[in-house]
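Here's the structure, in structure tokens; my notes come after.
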Amino acid sequence: MCGIVGYIGTQAATDILLAGLEKLEYRGYDSAGIATVWEGEVNCVRAKGKLHNLRSKLEQIETPAQIGIGHTRWATHGKPEEYNAHPHMDNAMRVAVVQNGIIENYRELREELKAKGHVFRSETDTEVIPHLIAELLKNFSPSSPSSPLLEAIRQAVNHLQGAFALAVVCADYPDELIVVRQQAPLVIGFGQGEFFCASDTPAIVAYTRAVLPLENGEIARLTPLGVEIYNFAGDRLKKQPRLLNLNPTMVEKQGFKHFMLKEIHEQPGVVRASLEAYFNNVEENVRSPINLGLPEDLYTDLEQIHIVACGTSWHAALIGKYLIEQLAGISTQVHYASEYRYAPSPLTSNTLIIGVTQSGETADTLAALAMEKERRQRKEAKYEARFLGITNRPESSLGHLVPHIISTLAGIEIGVAATKTFTAQLMAFYALALDLAAHHQTVDKETLDKIINGLRQIPKDIESTLESQERLSEQLAHEFAETQDFIFVGRGINFPIALEGALKLKEISYIHAEGYPAGEMKHGPIALLDAKVPVVAIAVPGSVYEKVISNAQEAKARDSRLIGVTPVNDGEAAEIFNDLLPVSDVEELLSPLLTVVPLQLLAYHIAARRGLDVDQPRNLAKSVTVE
Ligand code: F6R
């Protein structure tokens, strides 16, 4: 959601904060601001809109300050206006705070503080925090030997309810940067005589790879001499940083116009990395040729699976359901995390609960899992469930919440629209479904080997799809850039790809698009069709090929222009569809790994042609850490 960055050390803080915010802009981008401390004053500069607005403002102000905090915002409470931008300050302008998350009890706190004379200038929940800290600081003498700032912030966070991460500086304590984590991510970076904090590692990887992610309920004091960590009760904790496996070039565009395009092109590599990690020891493991590092008892007597996820991860989960049910024969339900949280399924025994989230920080998914854990702990032992997470960020909050993780191997994804992380999630589901099938002996060895060998061909097939599609999808984008509505249809394992194709288009091009199971069109949505509404149909040979072709014909009869995602050299399809986005001919079961690629490219090129900000589409943020 919002992005936080902080610096204390020997370099000019403003430059480091701006560089860090640039790397975090994917988390939110409706306003930005920084606050530095210099010569006993806090200098706070904020601007509405993208980061370049803040940058232009800062060009007129030169400060050699060596401590500061920065923020890029995704509005929750209050409009995206400069007066709501972070950092927020107390009335005396001594304490500056940036926050990511939501303070649920801010109204009560605001009233209490108003009664004590505090005047509020924004509509945000965050503004109560600097006021509260300033109020608590009144109880300390600045010359006190321990850190009054740390103590005041510690007391303040004990009054706050909600999920939040904070970074705080104060004019009266120019050598202290205090950071807090409570259910919103925050990582500390360790340099030589300088220290950093950020919501996410890309912001600091250019300066250091030694990092320490804070855990919930932790508060850290960063000074030029080092880092001290405490819990909310004030006990000092001993923690060591670890080395990050991320190099600064991974967060560059590397010659591509946008991160999204770069990330689409990285998908063959993502599949290769997944094959290597999940399927490498085929000969060694007699029970199953898949190596997910999961314990045997996760699979024993398994009767049901529930998956919770949001957005693109939910689409990946639908494909996971198809694979698990068809290959391993285990009944699987996929839930929107935001719905499951308030209307969970009845409790069942021998159940596996899977949370899928690329960021590992999606508030809805985490809350659904936490709720499920809690309600099962309250019931009899027979309802105890097993929990598993699928994430691209094993160090995330999800990693702390569930005992077992399948790490997806996409590398960091910067474009807000998920592409390569989706493919990585699919690979995790292929591995999981095949592993379950091997354990439950629902497929024979020959079939298993055939599927795994098929998967091994996929990177090359994606490469040739990317090569042939680049020009085709660009041409189509030219024709459809002004189209107002799109329908995507698919069936079986490719129905979720229709949903994903529509979501990609909506997100980055702002064109209305819907995905439907092709057979459902005639039950209502077909009324939408006419010559102005193109239909993209995913039609690959297999169990539902003829059915999808007939459904496409029905759309054509209503004058819709038909775009087919079909195998290369499919003569029948060439006659029916007006335009083709051909993919390699692979087993239907593996086809989603290919059919999604032209749809990602189509969405990308349409958005680029419309001159839109592909990597940072309006109103969206990369990880949605609020409910
Ligand atoms: C779509 C997209 C979102 C996310 C959703 C869940 O391109 O990025 O729909 O998929 O917000 O995010 P994660 O996977 O981080 O839980």
Side-chain angles (χ1 to χ4, degrees), residues 1-3 26-29 74 100 163 183-185 199-200 258-261 263-264 267 307-320 334-341 354-370 389-399 401-402 405-408 410-426 428-429 488 496-497 499-511 513 515 596-597 599-604 607 612-627:
M1 219 84 255
C2 304
Y26 71 91
R27 296 179 68 88
Y29 31 81
W74 187 88
N100 170 27
Q183 285 169 27
S199 307
D200 203 356
H258 293 99
F259 279 109
M260 182 179 174
L261 191 57
E263 287 156 2
I264 291 172
Q267 292 176 114
I307 312 180
V308 290
C310 306
T312 288
S313 295
W314 186 78
H315 298 158
L318 289 178
I319 293 182
V334 181
H335 308 270
Y336 286 115
S338 52
E339 292 294 319
Y340 192 76
R341 193 177 168 176
I354 308 179
V356 190
T357 158
Q358 76 80 20
S359 63
E361 300 294 350
T362 297
D364 288 322
T365 308
L366 296 177
L369 290 169
I390 299 181
T391 183
N392 206 39
R393 307 297 292 267
E395 75 285 5
S396 64
S397 304
L398 180 78
L401 192 63
V402 295
I405 288 282
I406 301 179
S407 290
T408 57
I412 189 139
E413 186 173 71
I414 304 281
V416 162
T419 52
K420 64 172 180 170
T421 52
F422 174 72
T423 296
Q425 288 170 342
L426 294 192
F429 273 119
F488 290 73
I497 297 297
L499 294 176
E500 178 61 5
L503 179 62
K504 289 294 88 102
L505 191 65
K506 283 188 255 215
E507 283 183 298
I508 60 169
S509 73
Y510 318 147
I511 292 174
V596 73
V597 176
L599 303 187
Q600 294 168 338
L601 283 172
L602 183 67
Y604 169 78
L612 298 172
D613 193 342
V614 173
D615 286 331
Q616 294 173 356
R618 70 183 180 203
N619 306 339
L620 300 180
K622 185 73 189 161
S623 55
V624 185
T625 52
V626 294
E627 190 182 342

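Reckoned from all heavy atoms, side chains included, excluding hydrogens, waters and symmetry mates. In this text, all values refer to a predicted model and were calculated from it rather than measured experimentally. Atoms within each ligand, like the ligands themselves, are counted from 1 in listed order.
Closest approach of Thr312 to Gln425, counting heavy atoms only: O-OE1, 4.2 Å.
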Write 'none' if nothing qualifies; otherwise put on separate lines each N/O atom of ligand 1 with a protein N/O atom under 3.5 Å away and their distance to 0.1 Å.
unit_1: ligand 1; atom_1: 7 (O); unit_2: Thr312; atom_2: OG1; d: 3.4
unit_1: ligand 1; atom_1: 7 (O); unit_2: Ala418; atom_2: N; d: 2.8
unit_1: ligand 1; atom_1: 7 (O); unit_2: Lys504; atom_2: NZ; d: 2.9
unit_1: ligand 1; atom_1: 7 (O); unit_2: Glu507; atom_2: OE1; d: 2.7
unit_1: ligand 1; atom_1: 7 (O); unit_2: Glu507; atom_2: OE2; d: 2.9
unit_1: ligand 1; atom_1: 8 (O); unit_2: Val416; atom_2: O; d: 3.3
unit_1: ligand 1; atom_1: 9 (O); unit_2: Thr312; atom_2: N; d: 3.3
unit_1: ligand 1; atom_1: 10 (O); unit_2: Thr312; atom_2: N; d: 3.0
unit_1: ligand 1; atom_1: 12 (O); unit_2: Thr362; atom_2: OG1; d: 3.4
unit_1: ligand 1; atom_1: 14 (O); unit_2: Ser313; atom_2: OG; d: 2.5
unit_1: ligand 1; atom_1: 14 (O); unit_2: Gln358; atom_2: N; d: 2.8
unit_1: ligand 1; atom_1: 15 (O); unit_2: Thr357; atom_2: OG1; d: 3.3
unit_1: ligand 1; atom_1: 15 (O); unit_2: Ser359; atom_2: N; d: 3.0
unit_1: ligand 1; atom_1: 15 (O); unit_2: Ser359; atom_2: OG; d: 2.6
unit_1: ligand 1; atom_1: 15 (O); unit_2: Thr362; atom_2: OG1; d: 3.3
unit_1: ligand 1; atom_1: 16 (O); unit_2: Thr357; atom_2: OG1; d: 2.7
unit_1: ligand 1; atom_1: 16 (O); unit_2: Thr362; atom_2: OG1; d: 2.4

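Salt bridge Asp613/Arg618: absent, no basic N to carboxylate O contact under 4.0 Å.
Listed for the Ser509 side chain is no donor-acceptor partner under 3.5 Å among the backbone atoms of Ala607. When atom types are taken as modelled, the side chain of Trp74 and the backbone of Asn619 share a donor-acceptor pair closer than 3.5 angstrom. A donor-acceptor contact shorter than 3.5 Å is absent between the side chain of Glu263 and the backbone of Lys420.
Ring centroids of His315 and Phe422 are separated by 6.0 Å or more, keeping the two rings apart.
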